[in-house]
Amino acid sequence: MALTLDDIALLLAGPGQRQYGREAVSQLDHALQCAALAEEAGESTETVVAALLHDLGHLLAPENAQEEAATPRARDDLHQYIALPFLHGVFPLGVLAPIRLHVDAKRCLCTLDAGYWATLSPASKHSLELQGGRHTQEEAEAFMRLPFAEESLRVRRYDDLAKVKGRVTPPLAHYLQKMAQVAL
Ligand SMILES: [Fe+2]
């Protein structure tokens, strides 16, 4: 069931050309921008790869779910969990945890950072409600005790910024090399 690195490259280069939900960029642009922001911030290679792959679930979801993602949704697509069975045994926890936690990280940041919610795109505010809304204080504290919670919050912030039409990034090949460096 595990994907090979070549499978992941093909997913990003092929289906990754599709639009990223209701944002102005493709799935691949979004992944590359997110990884580039992580790299520019001096993150570990594992965290950069997590940033690259955090939305891989969108590319693995059934096609009708992908079409649905381009319109306002009525339910949570749970995309943060879809890629995990395909990546277990391929990458270490430092890559898998931020992928799994990047949605809850948004819920957590809404509680921990008073100005954060206002920075979210309209689509992201809409999905927040479907994903359970902002954390309670207790939920946010429990989140912060999870392994790689801090990295997940940072990936989330790169995620939110990685929606700029026309932003230039290093090519996919650059990040495929980083994937190979951290693969198990
Ligand atoms: Fe994302």
Side-chain angles (χ1 to χ4, degrees), residues 3 8-9 11-41 43 46-61 65-73 75-84 86-87 91 94-110 113 116-135 143 148-170 172 175-176 178-179:
L3 291 169
I8 296 169
L11 276 169
L12 288 167
Q17 301 294 336
R18 295 197 195 109
Q19 188 186 349
Y20 174 59
R22 285 184 287 152
E23 310 293 352
V25 294
S26 70
Q27 297 275 355
L28 176 61
D29 291 337
H30 177 61
L32 291 175
Q33 288 186 25
C34 197
L37 288 164
E39 188 176 18
E40 286 163 18
E43 297 287 356
E46 286 186 6
T47 303
V48 171
V49 172
L52 179 77
L53 301 180
H54 75 279
D55 276 340
L56 194 70
H58 284 311
L59 303 182
L60 291 163
Q66 294 174 20
E67 281 162 20
E68 232 175 67
T71 56
R73 278 173 284 139
R75 60 185 168 78
D76 184 7
D77 64 5
L78 299 172
H79 72 276
Q80 68 273 36
Y81 303 119
I82 292 173
L84 295 177
F86 298 95
L87 300 178
F91 295 112
V95 174
L96 300 187
I99 295 173
R100 177 161 48 83
L101 296 177
H102 80 274
V103 171
D104 280 343
K106 176 171 66 168
R107 301 176 62 205
C108 183
L109 281 168
C110 284
D113 178 346
Y116 174 73
W117 182 86
T119 69
L120 295 175
S121 69
S124 201
K125 284 175 181 164
H126 173 72
S127 61
L128 171 70
E129 296 312 313
L130 301 176
Q131 291 155 347
R134 64 184 67 204
H135 272 163
F143 179 93
F148 297 99
E150 294 282 359
E151 288 84 352
S152 300
L153 293 188
R154 296 201 301 274
V155 166
R156 182 70 224 187
R157 290 187 188 275
Y158 308 137
D159 180 5
D160 296 328
L161 294 171
K163 302 170 181 178
V164 179
K165 195 176 162 102
R167 185 180 194 269
V168 176
T169 66
L172 177 58
Y175 294 106
L176 296 181
K178 295 204 176 287
M179 271 192 346

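Ligands are counted one by one from 1 in listed order, and the atoms in each one are counted from 1 as well.
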Side-chain (Q17) to main-chain (A13) donor-acceptor, under 3.5 angstrom: yes
With R154 via side-chain contact (heavy atoms from CB on, under 4.5 Å) - residues at least two apart: E43, E150, E151, Y158
Results of side-chain contact (heavy atoms from CB on, under 4.5 Å) for A36 - residues two or more places apart only: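 If we apply the side-chain contact (heavy atoms from CB on, under 4.5 Å) test to A36, skipping adjacent residues, the hits are E40, R167, T169, P170, Y175.
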Polar protein atoms (N, O or S) that approach the Fe ion (ligand 1) to under 2.8 Å: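 Near the Fe ion (ligand 1), below 2.8 Å, one finds Y20 OH, H30 NE2, H54 NE2, D55 OD2, D159 OD1.
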Check against salt bridge (charged side-chain N to carboxylate O under 4.0 Å, His left out), D104 and R107: CA-CA 5 Å; D104 280 343; R107 301 176 62 205; 3.2 Å; yes
Side chain to side chain donor-acceptor pair (under 3.5 Å) partners for S26, two or more places apart: D29
Geometric class of the F143/H135 ring pair [parallel <30°, tilted 30-60°, perpendicular >60°]: tilted
